[in-house]
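Values in this document were obtained by computation on a predicted structure and should not be read as measured data.
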Amino acid sequence: MKTALKTLFHFIHGNPEGKREATENFINKSEDFRLLLSANGKALELMAEMTDAARSGQSSGITRIRAYSVMVASSVRQMIERLCRMAPGKYETLRDGFNEIVRDMDQAFAGPSRGPLGPSVIRMRDLRAIDLPEAGSKVAMLGEIRAELGVVVPRGFAITASAFHLFMEATGLDDEINRLIQIHDGTTLEELNDLALSIRQAINLAPMPRELEEAVQEQCARLGDIRFAVRSSALGEDAEQTGFAGQFISKLGVKPAQVTDAYRAVISSMYSATAITYVRNRGLREDEMVMAAGCMEMIDAVAGGVVYTRPPVGGGSDAVIINAVPGLPCAVVDGSSMADSYSVDRATGKVTRRDIAEKEIRFVLTSGGKVRKEKLFGGKELAPSISDRDVERLAALALRIEEHFGHPQDIEWAKDREGLIVILQCRPLTVCEEAPVPRNESWPQDEESRGLAILSGCIPASPGAAAGYVVKVETEEDMFRFPDGAVLLARNARPQLSALLPRAAALVVEFGSSVGHLANVAREYAIPALIGAPGAVERLSGVGVITVNGTNGTIYLGRRKKMIQREARPAARVRTTDVGLALERVLKFITPLNLTDPESPDFRPEGCRSMHDITRFCHEKAVAEMFAQDNRPVSGAFRLAGERAMQYWLVDIGGGTTVEENGSANSSQSIGIESVRSNPMRALWYGMMAVPWEGPPVPRLDSFMSVMTSAAQNPALEAGARNDMGERNYFIVGSRYCNLQSRFGFHFCTIEGFAGDDPNVNYALFQFKGGGASLDRRHLRSRLVAETLEKRGFIAEIREDALFARLEGVSRQAVEQAMAVLGYLLMHTRQIDMSMADPGMVVHYRDLFEADIEELLEGLPDELREAGCAP
């Protein structure tokens, strides 16, 4: 664009002797000023997005937050460089302050320091709880209960956190994975699946460090020719509030020579779409995820399952809950089979209830070490998985473990062919204190719900009630298409479904267990859930909206509002997340605005303590360099003539007016709008002047008080506060370019447009902020303006009262029409924020704007044609 302006400038102005250098300087300064304004707008937009993210608590990865910070710094750096080019030698010290702030930002992202690398492997018999930072909770706790309680656990060893760091750093995988996250950054399940595939390929291609390979094989040789279960034991996994239940995989039946391949697969599962979704929704830092692994001997189990030392729903009950299936316990935790369920009195240790399920399948370990699924028949499907004696042994053992850790436990167990109980994992249990309604008791029906139950007797897995359109999910494609706010209906409680839970209203699953992974995650997200709802898929498919009651185990047709209100439960406890903390820390160096008074002695480069300070300083000084009396270009600023135009000044950066062409260049003179050749400015001006402003809304007491309150709290609105353009409203124009930065009353506005023959470079930009009324009314005004612009092709975003809207890649005529619309809105949205509390006035202005704009656009072509700007 600069080259084109330069050519046009010389064409129009000629190149009189002696003026070449001044002309070149003016063009260069104008171009630097334009680019500085663009960088300023980008930096402020990014700051607004980061502030919005911090206030909303919306899920976001640390990589995205870091990328935003880098983009802010990049835009601010561009502003500094442009200002230094506009005034060489005057502002170079800004770079020192900028570099210092960037260093502080880097420190804000730093996680806990890590010590030197430890051993790559640790034997199970040497592990204790204090080894958690190296072995992860899952494996370290097994070592603890083996050593302290004499509990039987599998033989094996841990591949440590130090081994993970060695693998990542020696191969460059840490940098590669961060790069892939930045490249593939996305939010949809499909985008995250693509990212997961790329990371898995990178991990599979990375060579295993020789010392790690040798350490693993040495441990395998020590244990002999056995089959291993290679399990995840990530640092932070199995914490009470971030359990990662079912997010990472376990590889079963692994031969010794295949352990390192299984280890790669476990590491890869840390970056699956499901796991990344979980990490982001829980506010964890993906760049601090560390995967340790447990390599444990496979137990040839005749039965297995899960023990909850307290009921997961209704934690006040004096019962131990035990679920069991024949064969390996994986059918319980992954929800692939119904399970027998037992209750044991905590005081007496006796079985108080047993529900024997019809179990269709079991998983067994073959002689070759593989895991095989078998069909149950001949009465085996109805036989109890374990005896009452085994149930009571399990309960007693579980209570010993709970007592040792002082917290309810979620324990996975297996019974081997010798009758030995082996503990496979134990972790803290998240408990909902609300008790479900016993299945054999009636539940009070309100008038609204009576007769509308379509499925009852389901197993409550997470309490509360919620409604939504029921959507069945069976395939990966179904997962991609799952809409926000729907009720998730599935046949099996697959852990992969947990990626959809943050977007689901409720969960209904035919087969599975309330002690499985998916149930755990549903409780973490406080989503009403029924897991164990036979016939649900057939009964609910195609019924539309349903209400799921996770307290009484019943599903109702339609939206039962009273029930939802009655069963309302507090939202999931808001955690101070790792990503949230990092965002808060870095924002301290980005968003605070300390430099508010340009006349203050602190308004200097050394006074800049944030990125926002630097943008404020650069903007103020750039305006001064561009428009101050001593610096004003000879051929630059003209005052627009006319009764309604005297407050506007105009700077021609090349071809924007006919003044030089007429040989009458004089910066002190006024020019008429007819001397303007810039087509986007003429369109903007037309929009500003075509429809007379009807004046401010009729003041009401609440409007007056709103303005008074807001003005009293907003230092920018204090009497005597300067506007950003030195009290004047300046148009900066070229033949196809226009920029207006203006203050009208209490609101501030930037309009910019380029309207040439190439649609690829055309655009119209609108930034709007401020007002005299309270924030909620200013927000509503921005919403009204955004709706008006979105109907005309703009992409609009609102953050508090700030509106950012842009239209790009359109024809010259489309930009001219857009500029006319922006001009109209600039003039006619003044002070209407005071009226936004009245819904009737919102409708009034919406209708008024639509009618005026339609009429305005109909008149636009003729008006511009007369001015020679339209075909």
Test Leu44 against His619 for side chain to side chain contact (heavy atoms under 4.5 Å, CB included), laying out the working first. CA-CA 12 Å; Leu44 295 179; His619 191 279; over 6 Å; no
I want to check something: taking the side chain as every heavy atom from C-beta on, are Ile546 and Leu540 in contact at a cut-off of under 4.5 Å? yes
Assess whether salt bridge (charged side-chain N to carboxylate O under 4.0 Å, His left out) is satisfied between Arg812 and Glu816, documenting all intermediate values. CA-CA 6 Å; Arg812 174 170 58 83; Glu816 291 167 355; 3.2 Å; yes
With the side chain counted from C-beta on, respond yes when Met681 and Leu650 share a heavy-atom pair under 4.5 Å apart, and no when they do not. yes
What is the distance from atom SG of Cys618 to atom CG of Asp613, rounded to the nearest 0.5 Å? 10.5 Å
Going from CG on Leu803 to CG on Leu825, what distance comes out if it is rounded to the nearest 0.5 angstrom? 9.5 Å
Are Val815 and Phe754 close enough that some pair of their side-chain heavy atoms sits under 4.5 Å apart? no
Closest heavy-atom pair, Ala465 versus Ile564, reported as atoms and distance to 0.1 Å, is O-CG2, 3.7 Å
How close do Asn762 and Gly756 get, heavy atom to heavy atom, and via which atoms? OD1-N, 2.7 Å
State the CD1-OG1 distance between Ile671 and Thr657, to the nearest 0.5 angstrom. 5.5 Å
I need the minimum non-hydrogen distance between Phe794 and Ala818, along with the two atoms involved. CZ-CB, 3.7 Å
Quick one: pull up CG in Leu36 and CD in Gln78 and give me the separation to the nearest 0.5 Å. 9.5 Å
Decide yes or no on salt bridge (charged side-chain N to carboxylate O under 4.0 Å, His left out) for Arg846 and Glu850, but give the supporting numbers first. CA-CA 6 Å; Arg846 182 180 292 122; Glu850 288 300 318; over 6 Å; no
In this structure, CG of Leu740 is separated from CZ of Phe766 (nearest 0.5 Å) by 10.0 Å
Between Thr591 and Met50, is there a side-chain heavy-atom distance shorter than 4.5 Å? no
If you apply the rule side chain to side chain contact (heavy atoms under 4.5 Å, CB included), what do you find for Arg806 with Glu45, and how did you get there? CA-CA 12 Å; Arg806 58 168 60 88; Glu45 186 175 346; 3.1 Å; yes
Quick one: side chain to side chain donor-acceptor pair (under 3.5 Å) partners of Glu790, sequence neighbours excluded? Arg783
Any side-chain heavy-atom pair from Phe603 and Arg616 closer than 4.5 angstrom? yes
Can you tell me how far CG of Leu780 sits from CE of Met841, rounded to the nearest 0.5 angstrom? 13.5 Å
Quick one: do Glu787 and Lys791 make a salt bridge, cutoff under 4.0 Å? no
Of the non-hydrogen atoms in Gly485 and Ala505, which two are nearest, and what is the gap between them? O-CB, 3.5 Å
Is the count of non-hydrogen atoms from other residues, nucleotides or ligands lying under 6.0 Å from Glu855 atom CD greater than 12? no
Does Thr547 use its side chain to pair, donor to acceptor, with the backbone of Arg560 at less than 3.5 Å? yes
Measuring only between side-chain heavy atoms, which start at C-beta, is Ile614 closer than 4.5 Å to Met79? no
Minimum heavy-atom separation for Leu684 and Cys738, please, with both atom names. CD2-SG, 4.0 Å
Side chain to side chain contact (heavy atoms under 4.5 Å, CB included) assessment of Leu822 paired with Leu789: CA-CA 8 Å; Leu822 296 178; Leu789 292 176; 3.7 Å; yes
Can you name the ring pair (Phe, Tyr, Trp, His ring centres under 6.0 Å) partners of Tyr824, sequence neighbours left out? His828, Phe849
Examine distances only and state if a side-chain atom of Tyr686 and a backbone atom of Leu856 form a donor-acceptor pair shorter than 3.5 Å. yes
Has Ser678 got a side-chain atom pairing as donor or acceptor with Arg736's backbone, closer than 3.5 angstrom? no
Keeping the roles fixed (side chain from Thr51, backbone from Met47), state whether a donor-acceptor pair exists under 3.5 Å. yes
Less than 4.5 Å apart, any side-chain heavy atom of Ser462 and any of Leu507? no
State which residues pass ring pair (Phe, Tyr, Trp, His ring centres under 6.0 Å) with Phe482; sequence neighbours excluded, sorted by chain then number. none
Under 3.5 Å, side chain of Arg792 to main-chain N/O of Thr788, donor-acceptor pair present? yes
Do Val651 and Val733 pass the side chain to side chain contact (heavy atoms under 4.5 Å, CB included) test, and can you show the C-alpha distance, the side-chain angles, and the key distance before you say yes or no? CA-CA 6 Å; Val651 176; Val733 297; over 6 Å; no
Asn679 side chain to Ala755 main-chain N or O, any donor-acceptor pair under 3.5 Å? yes
For a 4.5 angstrom cut-off between non-hydrogen side-chain atoms, does Val676 reach Phe731? no
Considering all heavy atoms, the nearest Thr551-Asn549 contact: N-OD1, 2.8 Å
Say whether, by atom type as modelled, one donor and one acceptor occur between the side chain of Asn739 and the main chain of Glu752 under 3.5 angstrom. no
